[in-house]
Amino acid sequence: MFSDSFLEKIFDKVKRGERVTFDEGVRLFETEDLIGLGYIADFVNRKKNGNIVYFNINRHINPTNLCINKCQFCAFYRNSLDEPGAYEMSVEQIIKTLKPEVENGCKEVHIVGGLHPEWKFEDYLAIIRGIKENFPELHIKAFTCVEFDHFSRISGLSIEEVIDKLKEAGLGSVPGGGAEVFSQRVRRILCRNKISGERWLEIAEKIHQKGLKSNATMLYGHIETYEERIDHLDRLRKLQDKTGGFNAFIPLSYHPENTELEKRLNIKGSTGIDDLKVIAVSRIFLDNFKHIKAYWVMLGKKLAQTALWFGANDLDGTVVEETVTYMAGYKTERKATIPEIVNLIKTAKRKPVERDTLYNTIREY
Ligand code: V47
């Protein structure tokens with residue numbers, strides 16, 4: 001049935017509910033039998049999620065792109081307000097932006113941004129408070145582990161205190177960004193000023209201990225090896241065994257345009273085959289994650305739809321005006337309408353379900 005006989009062994013294993021090992025994970029990336037790999041991932045996904053594919057109605061807000069981290073893969077950040085494209089949003093501007101979205105059914109705001117050189121923790125808290133006061137029903141999914149660490153440094157508070165204050169202000173859950181690839185080798189080249197992989201995981205654990213759910217991501221398609229990808233997934237799998245606090249895993253396909261990494265190392269980004277492999281291997285390896293998102297903003301809508309046959313069960317959301325990928329050259333697709341997402345799911349022969357951030361069903365199509 002499989003052109004790569006190794007896949008027979010893996011298929012038997014997953015049918016018995018056994019865990020794929022580190023070495024087997026690496027070997028899965030090496031297979032040339034893409035269809036066989038997708039078949040196994042699809043089997044694993046259908047066992048967990050049946051025929052359902054989720055999406056949500058959300059809006060991204062990136063309050064500022066001023067950032068002290070200067071990550072080499074990022075086209076979004078600016079050093080100071082004098083630079084072209086640099087910006088910061090006031091709380092009033094954020095509220096004004098969200099108002100028509102909420103009136104049109106938006107259920108979630110996804111907030112991530114730069115580590116602003118001057119903003120205080122209070123400024124970030126004011127954003128959450130302002131949104132909660134104006135839109136009490138809106139779920140606020142905000143700030144990555146990287147931002148939590150920054151808030152702790154600039155305020156002198158512990159991570160636990162930072163989490164408590166954000167929860168009090170109205171934070172509902174935490175997005176999965178900033179994880180990149182946990183390997184120290186990769187981080188030294190990509191993002192030497194950013195917190196370590198260990199610190200990211202330590203903060204995610206504390207977030208879960210405080211009762212908040214979070215997501216996890218992996219930025220791939222640059223300098224990382226297959227071993228480094230599996231190391232990343234393995235560390236996430238171990239933490240999920242411990243806390244059960246991750247909702248979804250989201251592979252993020254690297255977009256090189258306008259980044260230092262492209263200029264320095266001439267990196268071209270991933271290919272369609274690799275994008276599908278990452279979705280499929282993540283689905284097979286992360287046996288304790290219920291949801292794998294095919295993030296259409298980075299994959300493109302057509303490949304994200306195809307990924308629904310390679311283990312993904314979530315297309316993320318209507319998104320609207322995501323800026324991180326847009327600045328890195330992906331200019332064609334900045335928002336998706338509900339009929340468009342429903343059509344992508346239906347023509348993939350799956351059942352579209354609008355969900356809230358925590359995967360409760362809002363509407364079946
Ligand atoms: O942390 C930055 C990545 C992340 C580039 O939790 C890039 O539901 C590709 O985390 N090419 C932010 N990727 C986005 C993110 C996310 C997105 C969707 C859903 C969720 C969720 C989280 O984007 C950053 C970084 O890893 N990134 N620059 C780039 N040039």
Side-chain angles (χ1 to χ4, degrees), residues 54-56 58-62 65 67 69-77 107-115 139-150 172-182 186-187 190-191 194-195 197 200 204 207 212-224 232 236 245-263 265 267-270 275 278 289 291-300 304 312 314-331 334 336 355-359:
Y54 293 102
F55 70 95
N56 72 344
N58 65 350
R59 160 90 205 198
H60 281 229
I61 297 273
N62 310 116
N65 60 353
C67 187
N69 261 357
K70 308 182 197 317
C71 298
Q72 302 286 295
F73 58 78
C74 179
F76 170 68
Y77 85 86
K107 308 281 189 317
E108 168 196 290
V109 58
H110 172 136
I111 306 175
V112 288
L115 307 184
H139 182 101
I140 307 174
K141 180 177 81 174
F143 306 134
T144 66
C145 296
V146 176
E147 286 154 301
F148 279 63
D149 178 78
H150 179 69
S173 67
V174 176
E180 322 315 352
V181 175
F182 293 140
V186 171
R187 286 179 109 77
L190 251 64
C191 48
K194 192 166 246 172
I195 57 170
W200 190 97
I207 289 167
L212 288 176
K213 292 281 184 187
S214 74
N215 289 335
T217 57
M218 174 173 76
L219 179 70
Y220 67 92
H222 38 83
I223 58 161
E224 83 289 359
H232 187 92
L236 288 175
F246 288 117
N247 262 338
F249 176 69
I250 309 127
L252 300 174
S253 178
Y254 173 55
H255 286 264
E257 224 181 286
N258 306 322
T259 68
E260 287 299 315
L261 203 59
E262 185 201 29
K263 284 180 214 146
L265 302 177
I267 285 166
K268 296 281 175 247
S270 75
D275 287 334
V278 175
F289 276 64
H291 308 289
I292 304 288
K293 254 189 218 181
Y295 186 43
W296 63 262
V297 175
M298 289 194 191
L299 293 176
D314 190 333
L315 280 185
D316 197 79
T318 45
V319 180
V320 184
E321 292 231 1
E322 192 270 355
T323 313
V324 178
T325 328
Y326 183 74
M327 300 277 229
Y330 213 59
K331 302 240 187 306
R334 238 186 149 187
R355 62 163 174 85
D356 66 11
T357 309
L358 304 174
Y359 288 86

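In listed order, ligands and their atoms are each counted from 1. Atoms considered below: every heavy atom in the structure, side chains included; atoms not considered: hydrogens, waters and symmetry mates. On a predicted model such as this, the values are computed, not experimentally measured, just so you know.
- Atoms of ligand 1 found under 4.0 Å from any heavy atom of P175 (numbered from 1 in listed order, with element): 6 (O).
- Here F73 has heavy atoms under 4.0 Å from ligand 1 in both its backbone and its side chain.
- Residue D316 approaches ligand 1 through these ligand atoms, each under 4.0 Å from one of its heavy atoms: 19 (C).
- Neither the backbone nor the side chain of A75 has any atom closer than 4.0 Å to an atom of ligand 1 (non-hydrogen atoms only).
- Residue-level proximity to ligand 1 for T144 is absent, since no heavy atom of it falls below 4.0 angstrom.
- Distances from atom 7 (C) of ligand 1 to the heavy atoms of N58, L219, T217, N56 put L219 nearest.
- Between H255 and ligand 1, a contact under 3.5 Å exists for at least one N or O pair.
- Atoms of ligand 1 found under 4.0 Å from any heavy atom of L252 (numbered from 1 in listed order, with element): 3 (C), 4 (C), 10 (O), 15 (C), 23 (O), 26 (O).
- Not a single donor-acceptor pair under 3.5 Å links the side chain of H222 to the backbone N or O of I267.
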Practice item. Show your working on side-chain hydrogen bond (donor to acceptor under 3.5 Å, both in side chains) between E262 and T259 and close with a plain yes or no. Key: CA-CA 5 Å; E262 185 201 29; T259 68; 5.2 Å; no
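- Near Y295, the atoms of ligand 1 lying under 4.0 angstrom from a non-hydrogen atom of the residue are 17 (C), 18 (C).
- Between the NE2 atom in H139 and the CG atom in N56 there is a gap of 9.5 Å [rounded to 0.5 Å].
- A salt bridge between K107 and D356 is absent, with no side-chain N of the basic residue lying under 4.0 Å from a carboxylate O of the acidic one.
- Between F182 and H232, the shortest heavy-atom contact is N-ND1, 3.0 Å.
- Under a 4.0 Å criterion applied to the non-hydrogen atoms of N215, ligand 1 contributes the atoms 6 (O), 8 (O), 21 (C).
- Y54 and H291 have their aromatic ring centers within a separation under 6.0 angstrom.
- For atom 6 (O) of ligand 1, the candidate residues are G176, C191, A216; the nearest heavy-atom contact is made by G176.
- Ligand 1 is never approached by G221 to a heavy-atom distance shorter than 4.0 Å.
- A donor and an acceptor atom, one from each side chain of Y295 and D314, are nowhere located under 3.5 Å apart.
- Considering E180, K293, Q72, E108 only, the shortest heavy-atom separation from atom 8 (O) of ligand 1 involves K293.
- For T357, the side chain to side chain donor-acceptor pair (under 3.5 Å) partners two or more places apart in sequence, or in a different chain, are E108.
- Between H110 and ligand 1, not a single N/O pair is under 3.5 Å apart.
- Within the structure, the closest approach of G178 to ligand 1 falls below 4.0 Å when heavy atoms are considered.
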Point to revise | Check against salt bridge (charged side-chain N to carboxylate O under 4.0 Å, His left out), R187 and E180 | key: CA-CA 8 Å; R187 286 179 109 77; E180 322 315 352; 5.7 Å; no
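- Contact between E257 and ligand 1 is absent, with no heavy atom of the residue lying under 4.0 Å from the ligand.
- Residues V174 and F143 come closest through the heavy atom pair CG1-O, 3.1 Å.
- Checking only distances, G177 does come within under 3.5 Å of ligand 1, N or O to N or O.
- Applying the salt bridge (charged side-chain N to carboxylate O under 4.0 Å, His left out) test to D275 and every residue at least two apart in sequence or in another chain returns nothing.
- Less than 4.0 angstrom separates some heavy atom of I250 from each of these atoms of ligand 1: 6 (O), 8 (O), 20 (C), 21 (C).
- Residue contact annotation: V112 has no non-hydrogen atom under 4.0 Å from ligand 1.
- Under the 6.0 Å cut-off for aromatic ring centres, Y220 and Y254 do not qualify, their centroids lying 6.0 Å or more apart.
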